[in-house]
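I have placed the structure first, in the form of structure tokens, so that the comments after it can refer back to it.
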Amino acid sequence: MTAGLQTSSGAPAEDSTHIPYVPALDGVRALSICLVMAAHMLPLGPKSLEVNAMVAKMGMSLFFCLSGFLIISMIRRNPDVVTFLTRRVLRIVPALAMYLLILVLLFDLSGRVVLINLLFVNNYFTEGLTGGPLGHLWSLSVEMGFYMAIAGLTLFLGSRSVWLVLPAALIVTLIRIDAGAYVNIKTHLRVDEILSGGILALVAQHYGNRIKAFLAPTHRTLWMLSITTVLWVISCRMDGGALNYLRPYLAAGFVGIVMHCQWQPLLRLLQSRIAAYIANISYALYIYHFLTISGWMNTGSDWERYLLKRPLSFALLLALAHASTFWWEHPWQNLAKSLTRKRQKKYAPPPAPRTD
């Protein structure tokens, strides 16, 4: 949930970990966090239809896919593990640590629960996850598990390690099938949603121009996007049956179509300033959204909670996310860039050949 694709306010061009900016993916990231917030903060339909659970899976599968896309793109460009881990840790931990500090002050968390979350093992040791403001932090453990695995492989294989996402995704999906796990928070039963984004990064690099040409006709884009979206939505429902096992790849297909399509009405929406802003603060929105619907903010009748208190929750969440992103997280990210600047020059890719 933490890794965002490079935005217009991101790293300078000389940064050897800089990922080419794809404006449409700001919109996808904004969509993913809006789906997650809606699933957790709003009643989206009769409980019997399980719409909230479906929408939550949709949002998480997009978030994970985007994360895998970013990380594999980064490793291919700069296989320096020290730079990678420094930037990832200083991207994740500051906001998480501040959030846990706030929860300790407000809810008197035990030291064990805090440690479980700081060690990123809360998706296996699930104390405190149910029915409280910690219930969403399991995703950070899945992310960190992936970071550690790809960093370890890169130490031995360099940038070639990225090709292991292909067999790794297949293995994880087969394990899920064997376990009958349509959806699970444990890393070995969920990380294929991140690995699918890594596969997308490899496909986009080698076949991006062909995909873009294939999607050039508007009618073809609309057909492909419609079919993929319908299948992806079904794969996010428990009554979607075995299609649940394909959710990671359908989400990646959705993202791939969006990032290569040229349908202007969709691109204008995804590339809007509002989408870019939401994408920029998406990690903080995710971290803090459970806090704003905890305690008193989640008491009372349905009309009190959703008509009176939820607007306050959204306003508080926006203020917290903005402050966290720009006043707390950005200084740590700037520190990470400063600490790794010299290493970037060592791994900087060669200049592109002249074509004139």
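The closest side-chain heavy-atom distance from Met148 to Leu85 is below 4.5 Å. Inter-residue side-chain proximity for Leu134 and Phe290 is flagged as unmet; no heavy-atom pair is nearer than 4.5 Å. Looking only at side-chain heavy atoms (C-beta outward), Ile185 and Val142 stay at 4.5 Å or farther from each other. Taking 4.5 Å as the limit, some side-chain heavy atom of Leu96 sits within range of a side-chain heavy atom of Phe120. Leu137 places a side-chain heavy atom less than 4.5 Å from the side chain of Tyr99. Val172 has its side chain out of reach of His188: every pair of non-hydrogen atoms, C-beta onward, lies at least 4.5 Å apart. The shortest distance between side-chain heavy atoms of Tyr147 and Ser67 falls below 4.5 Å. The side-chain heavy atoms of Lys57 and Glu193, taken from C-beta on, include no pair separated by under 4.5 Å.
Rounding to the nearest 0.5 Å places CG of Leu200 at 5.5 Å from SG of Cys65. Remark: Phe314 CZ to Leu285 CG distance equals 10.0 Å, nearest 0.5 Å. Annotation: the span from Ile194 atom CD1 to Ile72 atom CD1 amounts to 10.0 Å, rounded to 0.5 Å. For the atom pair OH (Tyr288) and CE (Met98), the distance works out to 6.0 Å, reported to the nearest 0.5 Å.
Using a cutoff of 4.0 Å between basic side-chain nitrogens and carboxylate oxygens, Glu304 and Lys309 are not scored as salt-bridged. For Asp26 and Arg29, the salt-bridge test fails: no basic side-chain N is under 4.0 Å from an acidic carboxylate O.
The main-chain N or O of Met58 is found under 3.5 Å from a side-chain atom of Ser61 such that the two form a donor-acceptor pair. Remark: side-chain polar atoms of Asn52 are paired, donor with acceptor, to backbone N or O of Leu44 under 3.5 angstrom. One N or O on the side chain of Thr221 and one on the backbone of Leu215 form a donor-acceptor pair closer than 3.5 Å. Under the 3.5 Å distance criterion, the side-chain polar atoms of Ser73 are matched with a main-chain donor or acceptor of Phe69. In this structure, Thr228 contributes its side chain and Leu225 its backbone to no donor-acceptor pair below 3.5 Å. Of the possible donor and acceptor atoms, one in the side chain of Arg190 sits under 3.5 Å from a partner among the backbone N and O of Asn184. A donor-acceptor pair is defined here as one N or O able to donate and one able to accept, closer than 3.5 Å; such a pair exists between the side chain of His136 and the backbone of Ile287. For the pair Tyr283 (side chain) and Ile92 (backbone), a donor-acceptor distance under 3.5 Å is present. Proximity of a side-chain donor or acceptor of Trp263 to a complementary backbone N or O of Leu222 within less than 3.5 Å is not detected. Looking only at distances, a side-chain donor or acceptor of Thr154 sits under 3.5 Å from a matching main-chain atom of Ile150.
Between His40 and His289, the side chains place a donor N or O and an acceptor N or O closer than 3.5 Å (distance only, hydrogens not considered). Donor-acceptor pairing under 3.5 Å is recorded for the side chains of Arg310 and Asn298. Side-chain N/O atoms of Ser324 and Glu329 include a donor and acceptor closer than 3.5 Å. Looking at Thr187 and Asn123, their side chains do bring a donor and an acceptor atom within 3.5 Å of each other. Looking only at atom types and distance, the side chain of His260 has no donor-acceptor partner in the side chain of Tyr207 under 3.5 Å away.
Within a 6.0 Å sphere centred on CZ of Arg220, other residues, nucleotides and ligands contribute more than 12 heavy atoms. More than 12 heavy atoms of other residues, nucleotides or ligands lie within 6.0 Å of CZ in Phe107, so this atom counts as buried by the packing criterion. Atom CD1 of Ile274 sits in a sparse spot, with 12 or fewer heavy atoms from other residues, nucleotides or ligands closer than 6.0 Å. For Trp332, the CH2 atom sits in a loose shell: 12 or fewer heavy atoms of surrounding residues, nucleotides or ligands are nearer than 6.0 Å.
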Exercise. Could you go step by step and tell me if Met259 and Val28 meet the side chain to side chain contact (heavy atoms under 4.5 Å, CB included) rule?
Worked result: CA-CA 9 Å; Met259 69 182 288; Val28 177; over 6 Å; no

For this session: Could you walk me through whether Ile293 and Ser313 pass side chain to side chain contact (heavy atoms under 4.5 Å, CB included), step by step?
Result: CA-CA 6 Å; Ile293 56 172; Ser313 295; 4.0 Å; yes

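With respect to Arg247, the side-chain contact (heavy atoms from CB on, under 4.5 Å) criterion is satisfied by exactly one of Leu243, Asn244, Leu250: Asn244.
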